[in-house]
Chemist: 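Please find one structure pasted underneath; my questions will follow.
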Amino acid sequence: MIIAGHTLGTPGRDLAEALRLFAAAGLDAAEVIYQDDYPAAISPSDPRSARQAAAIADAEGVPIVALTPYTTAINSLDAASRQQGIDEFRACIEAAHTVGATRVRVYAGAWHPGDTEHARHWEQLRSALTVLAPEAADAGVVLCVENHFGTMTQTAADTARLVGEVGSPSVRVLYDQANLTFTHDETWQEAFAVQGELVGHVHVKDLVFKDPEAPFRASDTARVKAEERAVRSRVVGTGVVPWPDILEELVRRGYDDVLSLEYEYRWHPQDLPDPAIGFKDSALALRKMLAAVVPA
């Protein structure tokens, strides 16, 4: 397996510094944010940014294997907003091709409890990914739809349904069991039962509950606000997500690809040790777990 560091965990560092940290922590690769006004990222508004990132990755010896945009407009009912979202993904696919990344994280539009016209938003989302899928294939990129709150694929079941309806090998599932756990959706066994054959990318993080009985709330898509959180972030292996069991199941199903450490230091630094420590400890924990399930 390839263990990558996610630049969500490196606020305050530029991209070169982030990749240097990943190398020092014993990581193999990087997942890089695709967003303006974040130092360890590729900037959508700067046409030189992807080429510069490719040069940095080459110099640091840490390949960029995935990009993470924050686009949510692809399910919009407003034609101009939806088209802008599609164009943003096109630019991200091009940037991924430039840096050699093989996958792009996808937010399945924006969706929150109380929103209306689900069927119309879903069709806009499905058709947008149907348009983007062949373009991604031409670029050697897979679009990976995340199990993520605030989108139309909060649950594993909805993620699998969307990927199935698009029906392209260039659109897969981004499996994030920590997200499914803190939203009180599928267990890891239930998640694999419905989307296990569709996994194209994996985010790895850990947590503990402040109150396991508290209902999940999130008014934003990218993060849960401090006043809404019922969990605390933790270094991998020190929380409640059963990563040894999950890794064993991934291996059993033949997944031998990227495990991306989505260390949430950008959003919740109060919960976590410094990234230089947290990434190293998470990587060591993951490698120890993998050694127990991967044949020598």
Chemist: Taking a hydrophobic cluster as the set of Ile, Leu, Val, Met, Phe, Trp and Tyr residues connected by side-chain heavy atoms closer than 4.5 Å, whether directly or through intermediates, do Val141 and Tyr70 fall within one such cluster?
Modeler: no
Chemist: Determine yes or no for a side-chain-to-main-chain donor-acceptor pair under 3.5 angstrom, with Glu190 supplying the side chain and Thr187 the backbone.
Modeler: yes
Chemist: List in chain and number order the residues that pass salt bridge (Lys or Arg N to Asp or Glu O under 4.0 Å) with Glu249, two or more places apart in sequence or in another chain; answer none if no residue qualifies.
Modeler: Arg252, Arg253
Chemist: Rounded to the nearest 0.5 Å, what's the gap from CZ on Phe192 to CD1 on Ile246? Could you check?
Modeler: 6.5 Å
Chemist: Look at the side-chain heavy atoms of Ile, Leu, Val, Met, Phe, Trp and Tyr, link any pair under 4.5 Å apart, and say whether Val251 and Val202 land in one connected group.
Modeler: yes
Chemist: Please report whether the ring centroid of Phe182 lies less than 6.0 Å from that of Phe149.
Modeler: yes
Chemist: Supply the atom-to-atom distance Gln52 CD to Leu15 CG, rounded to the nearest 0.5 angstrom.
Modeler: 10.0 Å
Chemist: Using the side-chain hydrogen bond (donor to acceptor under 3.5 Å, both in side chains) criterion, which residues pair with Arg232? Sequence neighbours excluded.
Modeler: none
Chemist: Has Thr159 got a side-chain atom pairing as donor or acceptor with Thr153's backbone, closer than 3.5 angstrom?
Modeler: yes
Chemist: Is there a donor-acceptor contact under 3.5 Å linking the side chains of Ser76 and Asp78?
Modeler: no
Chemist: Compare every heavy atom of Ala30 with every heavy atom of Ala4, then report the nearest pair and how far apart it is.
Modeler: CB-N, 4.0 Å
Chemist: Atom CG in Leu247, atom NZ in Lys288: separation rounded to 0.5 Å?
Modeler: 13.5 Å
Chemist: Identify the heavy atoms of Ala57 and Leu19 that sit nearest to each other, and give their distance.
Modeler: CA-CD1, 3.7 Å
Chemist: Heavy-atom distance under 4.5 Å between the side chains of Asn179 and Glu146, does that happen here?
Modeler: yes
Chemist: Can you name the residues that form a side-chain hydrogen bond (donor to acceptor under 3.5 Å, both in side chains) with Arg234, not counting sequence neighbours?
Modeler: none
Chemist: Is there a chain of hydrophobic side chains (I, L, V, M, F, W, Y, each step under 4.5 Å between heavy atoms) that links Val142 to Leu250?
Modeler: no
Chemist: As an exercise, state the distance from CE of Met289 to CG of Leu259, rounded to the nearest 0.5 Å.
Modeler: 10.5 Å
Chemist: Counting distance only, does the side-chain N/O of Asp256 pair as donor-acceptor with the main-chain N or O of Met1 below 3.5 Å?
Modeler: yes
Chemist: Cut-off 3.5 Å, side chains only: do Gln195 and Asn147 have a donor facing an acceptor?
Modeler: yes
Chemist: For the residue pair His118 and Trp111, what are the closest heavy atoms and their distance?
Modeler: CA-CH2, 3.4 Å
Chemist: Does this structure show an ion pair linking Arg229 with Asp271, if we count only N-O contacts that are shorter than 4.0 Å?
Modeler: yes
Chemist: Mind checking the OG1-CE spacing from Thr72 to Met152? Nearest 0.5 Å is all I need.
Modeler: 12.0 Å
Chemist: Between Thr7 and Ala18, what is the shortest heavy-atom contact and its length?
Modeler: CG2-CB, 4.2 Å
Chemist: Scan for ring pair (Phe, Tyr, Trp, His ring centres under 6.0 Å) pairs involving residues 218-244, sequence neighbours excluded, and state none if there are none.
Modeler: none
Chemist: Would you call His201 and Arg172 a side-chain contact if the rule is heavy atoms closer than 4.5 Å?
Modeler: no
Chemist: Could you walk me through whether Arg126 and Glu123 pass salt bridge (charged side-chain N to carboxylate O under 4.0 Å, His left out), step by step?
Modeler: CA-CA 5 Å; Arg126 186 205 62 77; Glu123 177 55 26; 2.6 Å; yes
Chemist: Checking Ser260 side chain against Glu262 main chain: does a donor-acceptor pair fall under 3.5 Å?
Modeler: no
Chemist: In chain order, what residues pass the salt bridge (Lys or Arg N to Asp or Glu O under 4.0 Å) check against Asp158, with sequence neighbours excluded?
Modeler: none
Chemist: Heavy-atom count around Glu94 CD within 6.0 Å, excluding the residue itself: above 12?
Modeler: no
Chemist: Taking Val166 as the fixed residue, which of Leu129, Val131, Val145, Leu143 is the one that meets the side-chain contact (heavy atoms from CB on, under 4.5 Å) rule?
Modeler: Leu129
Chemist: Please examine the side chains of Arg13 and Pro275, heavy atoms only from C-beta on, and report whether any two atoms are closer than 4.5 Å.
Modeler: yes
Chemist: Quick check: does any side chain N or O of His184 sit under 3.5 Å from a backbone N or O of Ala214, one acting as donor and the other as acceptor?
Modeler: yes
Chemist: Regarding Asp176 and Arg105, does a basic nitrogen lie under 4.0 Å from an acidic carboxylate oxygen?
Modeler: no
Chemist: Side chains of Glu31 and Thr68: closer than 4.5 Å at any heavy-atom pair?
Modeler: yes
Chemist: Within the distance-only criterion (no hydrogens, no angle test), does the side chain of Asn75 pair as donor or acceptor with the backbone N or O of Ala110 below 3.5 angstrom?
Modeler: yes
Chemist: When rounded to the nearest 0.5 angstrom, what distance separates CD in Gln154 from CD in Glu186?
Modeler: 9.0 Å
Chemist: How would you list all residue pairs meeting ring pair (Phe, Tyr, Trp, His ring centres under 6.0 Å) that involve residues 42-69, not counting sequence neighbours?
Modeler: none
Chemist: Do the side chain of Asp138 and the main chain of Glu135 share a donor and acceptor less than 3.5 angstrom apart?
Modeler: no
Chemist: With the side chain counted from C-beta on, respond yes when Ile33 and His6 share a heavy-atom pair under 4.5 Å apart, and no when they do not.
Modeler: yes
Chemist: Sequence neighbours left out, what passes salt bridge (Lys or Arg N to Asp or Glu O under 4.0 Å) with Asp206? Give chain and number order.
Modeler: none
Chemist: What residues, two or more places apart in sequence or in another chain, satisfy side-chain hydrogen bond (donor to acceptor under 3.5 Å, both in side chains) together with Glu213?
Modeler: none
Chemist: Any side-chain heavy atom of Ser170 within less than 4.5 Å of one from Arg103?
Modeler: no
Chemist: Which heavy-atom pair separates Ser43 from Ser49 by the least distance, and what is that distance?
Modeler: N-OG, 2.9 Å
Chemist: By the ring pair (Phe, Tyr, Trp, His ring centres under 6.0 Å) test, which pairs, at least two apart or in different chains, include something from residues 254-291?
Modeler: Phe22-Phe279, Tyr263-Phe279
Chemist: So, do Glu228 and Ser219 sit near enough that their side-chain heavy atoms are less than 4.5 Å apart?
Modeler: yes
Chemist: For Gln177, what residues pass the side-chain hydrogen bond (donor to acceptor under 3.5 Å, both in side chains) criterion, not counting sequence neighbours?
Modeler: Tyr175, Thr181
Chemist: Stepwise, does the side-chain contact (heavy atoms from CB on, under 4.5 Å) test hold for Ser233 with Leu207?
Modeler: CA-CA 4 Å; Ser233 299; Leu207 59 93; 5.7 Å; no
Chemist: Looking only at non-hydrogen atoms, find the nearest pair between Ala40 and Thr10 and report the distance.
Modeler: CB-OG1, 3.5 Å
Chemist: If you apply the rule side-chain contact (heavy atoms from CB on, under 4.5 Å), what do you find for Gln83 with Ile86, and how did you get there?
Modeler: CA-CA 5 Å; Gln83 186 60 52; Ile86 291 172; 4.1 Å; yes
Chemist: Are Pro69 and Val104 packed together at the side-chain level, in the sense that at least one heavy-atom pair is separated by less than 4.5 angstrom?
Modeler: yes
Chemist: Sort and list the pairs that fulfil salt bridge (Lys or Arg N to Asp or Glu O under 4.0 Å) and have at least one residue in residues 33-47, not counting sequence neighbours.
Modeler: Asp46-Arg48
Chemist: Can Arg20 and Glu17 be counted as an ion pair, charged N to O under 4.0 angstrom?
Modeler: no
Chemist: Please answer whether the main-chain N or O of Ala139 pairs with a side-chain N or O of His97 as donor and acceptor at a distance below 3.5 Å.
Modeler: yes
Chemist: Give every residue pair that meets the ring pair (Phe, Tyr, Trp, His ring centres under 6.0 Å) criterion with at least one member in residues 32-62, sequence neighbours excluded.
Modeler: none
